[in-house]
Every structure is written in C-alpha cells, then in structure tokens.
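What you are looking at is a predicted structure, and each value in this text was computed from that prediction instead of being measured.
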Amino acid sequence: MPAVQETVERVKRIDVDQYRYGFETLIESDKAPKGLSEDTVRFISAKKSEPAWMLEWRLEAYRRWLTMTEPTWARVNYPKIDYQDIYYYAAPKPKKTLSSIDEIDPEILKTYEKLGIPLREVAILEGVEPPPGGEPSANRKIAVDAVFDSVSVATTFQKELKAAGVIFMPISEAIREHPELVKKYLGSVVPTSDNYFATLNSAVFSDGSFVYVPPGVRCPMELSTYFRINERNTGQFERTLIIADKGSYVSYLEGCTAPQRDENQLHAAVVELVALDDAEIKYSTVQNWYPGNSEGLGGIYNFVTKRGDCRGNHSKISWTQVETGSAITWKYPSCILRGDNSRGEFYSIAISNGHQQVDSGTKMLHLGKNTSSRIISKGIAAGVSQNTYRGLVTAHRKATGARNYTACDSLLIGDKCGAHTVPYVEAKNSSATFEHEATTSKISEDVLFYCTQRGLSQEEAVGLVVNGFVKDVLQQLPMEFAVEAQKLISISLEGSVG
Amino acid sequence: MSLLEVKDLKVRVEEREILHGLTLTVNPGEVHAIMGPNGSGKSTLSHVIAGKPGYEVTDGQILFRGEDLLEMDPDERAAKGVFLAFQYPVEIPGVATMNFLRTALNAQRKARGESEFSTPDFLKKVREVAKSLNIPQDMLKRGVNVGFSGGEKKRNEILQMALFEPAVCILDEMDSGLDIDALRIAADGVNALRSPDRAMVVITHYQRLLNYIVPDFVHVMSKGRVVKSGGKDLALELEASGYTQFEDAA
C-alpha cells in the first residue's frame, strides 16, 4: 500500500506546526467596513458593478435575514457570533486588468504553490502525478477557477471550455454577462428565505463559481475551484451555481484549505445544482478548513447549504465529500428528486479530531416517480470531538416506487469522542422502499496490537484501518482527489492514538 | 547466546500477578511446547513476549539475542524477528489481505534497513507460499480475515509467518477451533518452516497438536510458573495423567 507509506512520511515531516497550510499571504486588501447593514450589501454590490436587479435581490435577502433567528437544532456548541464584528468583503486590490496568469501577484501564486495547487496551465497539463498503481492521468485536465479571498483571480482553460460551449466563470462575471441564466436559476434551488445562513449568504455573497453546460455536452474536463480564507475576520460567503442542461454531464471538484487563526471565522457558502432531463452532475469536495488548535481555539465555523435539484426526468446528482477541517461543520448536501426516474447519491467521509464538532448528513427528497437514492456515510471521531450524522429521507405521496438505501458507519478512535446517528425517514407513499443500516465500531487495542505485531507502527496501523473503513467512499472520488484525500485523512488523525 | 531468554519474569494485570517468576531458554532450531490448564498464564507469556499493552512487568527480563526485548515497541520486536500467531486473529474490513501483507512486510524490511520488495517479487513470493498452504488467490483479495473460517484464519497466520521469516515463532493455541483436516494443513505449514536458525514456541492445551508438530522440549505451566520440563514424552504422560498433579505441586 504505497499511498499509506507516503502518508506516513508526510505526517512525519509535520513536526511542530501540524497545520501545514497555516500561513498568511501579505497582500493589500480592500475591505468593506466592519459589520452588516444595507450599506454593506450596497458596498458589495457596487464593488461587483452589479445590475440593479441583483442589488434588489440581495437587499430582499438582507431584510429577510433580519427577521430570522440562528438555528440551534444541530449538535454543535459555539460562542454566540457577533455578526456586526465581521468584515463581509475583502478583495486583493486589482493592480491592473489581467490578460494572462503571469500577471497575477507573485505572492498569490506562491500561496498556491505552497498548497500544491496546479494553477499554471503547464502545471495542470503536466504536473498532476499519476497516483501509485493507478491509471496514468497525464491526459486528464482540470480547469481551476481560483477563488482567492472572495475574488476570482485566475481562470484557466477558458478557450477549450468555450469551444465546447461550457460557461465556467466567477459568478460575479456571470451576473453581468449571462443575466438571463443567473436570473432564471439563482435561488431556484436554495431560495433566499431558505435558512438563516443561506439567507445571509444571499445578501452578502462575494463570489464563487458559475457553470453552465449546454444540452448534450459532456464537459471536456473536471472543473475545479479552490477556496481560501485569507483576510483576518473576513467571513467567506461563496456562492456557486451549476446548471447541467438536458443530456449533459459535468464533474466539479471543490477543495479548501485555510490559514491558521486564533479567532473564529465564519463561513456560510451556498451551492446550487440544477440537473435537467437526462443530465448528470457529480460534485466532489475535500474540505480542510483550519480546525482550531489543540485547546479548541480558533478554527472555521462552516455553515454550508448545498442542494441539488434533479429537475428533469432521468437526471442524476451525486455528492461526494471528505470533511476533515473546521471547528464546526454544519452541512447537509441534499437532493430534490423531482424528475421521474431521477437519482441522488451522497457519499461522505466526515472526520473529527481534537475539539472539532461535526453535524453533517444529507436530505433525499423523493418527489418524482421511481426515484432512487443512495447514502453512504462514514464518520470517524477521535480526540474529544463530536461527530453526528443527520439525514432525512422522504417520499412524497405521489412518489411511487421511491427507493433509498442508507448505510451509516461510525468509527471511534479513543474513548473521549462521540458518534451520533440521527436518521429521519418519512414515507407518504406505501410503495416506497427505504433501507437504513447503521454500525458503530471502535479501533480496538486488539486490532492495533495485531497490526503492530506484524511490524506496523501505531500511526501506520491507524492509517490502514481508517483507509479500509472509508474505502467505499474514496472510490467515488476522481483519482487525483482520492490520493489527496487519503493523505489528508491520515494527517487529520495524527496523534489520535497512543 | 540463546535466541530467546525469559528470566524470572513477573507480570501483573490490573494489580493481579499472573506470572510469578517464569524462566525459559530457547535456542535456534528448537521447538518448545508449553502446556498447561486454562488460566496458567500461557497466553500472558506469549502476549508479553510480543509486547501487547496492558501488562506490567514487575520483575525479570526477556532477552532476544541478548537485547532487552521489553524496551522495544511491538513493531520493533516484529522487525527483529519475533512473530506471534494469534489464537484469535482480528478482522480488518476494507483492507485487502494482499495489501496488508505487503505493507507489513515492507515496514519490517524498512525497519531493518533492507530494501522494500518490488511488486512482482512480492506477488511471486506470496503466491508460492499461499499455494503450499492451500490458500486460494481470492482469499488474498478479501479484507484481512473478514469472513474467513477458523481454518482460513489460522492458515493466514502461517502464511504471514512464512512470508516474514521470523527468528522465533510463538504459536498461541493454534489448534483451537480447528477440525482434524484443518489442523493437519496448519501443522504441515508450520513444520515446513522448521529450520536450524528458527525456533518455535508452541502453546497448547492439548497433546493432540504435538502429534503433528513434534517438540524437542515440553514445559508444563501451572499458576504462572513452569512446574516441569522434559522431552516430548512428557506430553504423552500428561495426556494420561492430566494437569491436576501439577496444580498441587504449584
């Protein structure tokens, strides 16, 4: 198992500062005044040179948000957030209009280099190493729409995507260039009134990605976005909208890392997916926001609303996530199975260590006929963390032949952590077939002793057992991502045993 | 120098003394059988030699080629050549047996400063050994011990023993849960590994196993001590007279 070996070596290199991505880039920034008001919303909208309808949309969301209260039902605890003590917008100062990647601030490029992100086209074309034992991936392409501190600073592969008719751009640009598409779909899956954090996002979102795949087009490459929180006290409010028109296919990768902080940082993203007839969207996430230090201080608060709408018949949406970071994770990527014969999938690995708190899961809402869904959730809890799976599966009364299979497995490392499974199942149609399986296990001393007796160190043993546990989900990720994710999992669990 | 020397070993588990001064000397090429009733401390001895956590050594020594084994972590002992065939091998779901074998073997080789096996060399070696133990290829693709029968689990232990080529093999109740055919296959596998450089310590409750793996020495344990040692005939004697006499002696 060479990947495991590699992981161990990488873990060993991390000595004092466990969080490798904890560095800060010194670039001048352009901040909105602290706090949230109509003026803040207007400031952001003006910064983005948005049309009037967009400002109105934001203001409506803001006014709505004022009437809402923060939800408390999740199994997470954190000090009250002072929403007036947060900066809602920060952007690197544009020095001039960029015509090529070479013109990007070298500081920013350096940041990406440290993260190992192949931003330059050369790196993308040649730099992706084939995973050990895996298929050579030299020919695979990934387009990166890099979101740096709320503003997209570089977009690659635009030409090739353009030739295929695929639109992949920062959403701020899409609002200006494709208002008809944005108007039609923005907020159509996650309405501005949806929930406290989504509504907040609707009012103040700074940037994010926009993807439109035209009918019958198979997107020629994996689309990828890397997010990065950089400004102190700056909440990140990303907004992503992906539309797969009839008979199209797109695979989208999202990865996150964040610099080390002492203060908590709020992150409330919204992702909306729309799949029309016979379309398929595959959305993969590797999330590694700063989880806080060993005493539980700092770390990102991650309140995310992700929802996909299988609007067309025979459409399919698949969510795959590897969650290793954040002090608090509140996230339920969901599928609305509206079209007949549509299918939703959710594959998740959620890891909590130290003082992390995870409350994550999914919702599968069966509305159309003969819809099916599959949920595979793997929760791993170590340290003094709490890890909750919360899932909802419903069948509407007209959803004849709805089928769901759910498997929730939890793995505990040590005896001070907790794993919880909270499934909600509602079938209003008697023909629905819903299956739910759940297991909780522990990495026992006997297993560790067996492995160490065969020559593995404690850390290698834990890595091996964990990799075995999450195998089903890792297989769902695109190859390059799977290798990265496997490394991340081992790093996240460093020092959890012995 | 002896291969393995256990000197006046005293071991406690949760304040209760299990071994009260046990002494055992094993030289290369020798096969020692340790017999005794349940609760005599046989398994404790095997666990302490291999380094299982949870045991407190209060007195005595364990030397391996003159080195203090008690100072080493279990994986260091494994790399030095100490192998324990478990009475109850654990299951590791999602980890293919083949991967496990390779990861473990290469970890040991690396710890010894040897080069790692290349994939073709490794596969060749595994296939040869597996064939001799009547282990089908598809078993190697399954998760470690997951869904294995009792006999398959024991054969998997012997497969690892053959692959790792340890200097001393401790077989903990290898015969438990095996029918006579499975026992014969396992014993044949063990016998094939007997060599002038390698020693074996066979822990068993019953004499039956010793018909297949014939020992050079037999030790009887009772209440945490070796109460009698002798040649292979001692096992037969025990079969006839039982352990009761030794319990009185202890």
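- The parts of B/Phe83 that come within reach of chain A are both its backbone and its side chain, each placing non-hydrogen atoms under 4.5 angstrom from that chain.
- Heavy atoms closer than 4.5 Å to chain B are found in the backbone of A/Phe469, but not in its side chain.
- Of the atoms belonging to B/Ile92, it is side-chain heavy atoms, and not backbone ones, that fall under 4.5 Å from chain A.
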Could you go through B/Phe100 and A/Tyr450, starting from their C-alpha distance and side-chain angles, then the distance that decides it, and tell me whether this counts as side-chain contact (heavy atoms from CB on, under 4.5 Å)?
CA-CA 11 Å; B/Phe100 179 76; A/Tyr450 186 84; 3.8 Å; yes
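- Heavy-atom distances place both the backbone and the side chain of B/Phe86 under 4.5 Å from chain A.
- The minimum heavy-atom distance linking A/Leu456 with B/Ala107 is given by the pair CD2-CB, 4.0 Å.
- Looking at A/Asp446 and B/Lys52, a side-chain N of the basic residue comes within less than 4.0 Å of a carboxylate O on the acidic one, giving a salt bridge.
- In plain terms, the two heavy atoms of A/Gly468 and B/Val95 that are nearest each other are CA-CG2, 3.7 Å.
- Atom CG of B/Asp73 and atom OG1 of A/Thr452 lie 8.5 Å apart (nearest 0.5 Å).
- Heavy atoms closer than 4.5 Å to chain A are found nowhere in B/Pro166, neither backbone nor side chain.
- Within 6.0 Å of NZ on A/Lys282 lie more than 12 heavy atoms contributed by other residues, nucleotides or ligands.
- Across every non-hydrogen atom of A/Gly455 and B/Ala78, the tightest pair is N-CB, 3.7 Å.
- In this structure, CD on B/Glu91 lies 12.0 Å from OG on A/Ser441, to the nearest 0.5 angstrom.
- There is no contact between B/Ala111 and chain A, counting heavy-atom distances below 4.5 Å.
- A/Lys471 and B/Gly94 get closest at one heavy-atom pair: CD-O, 3.2 Å.
- Of all non-hydrogen atoms in A/Arg454 and B/Ala104, the two that sit nearest each other are O-CB, 3.3 Å.
- Nearest heavy-atom pair across B/Gly51 and A/Phe449 is C-CE1, 3.7 Å.
- Judged by distance alone, with hydrogens and angles left aside, the side-chain atoms of A/Glu445 form no donor-acceptor pair with the main-chain N or O of B/Pro53 at under 3.5 Å.
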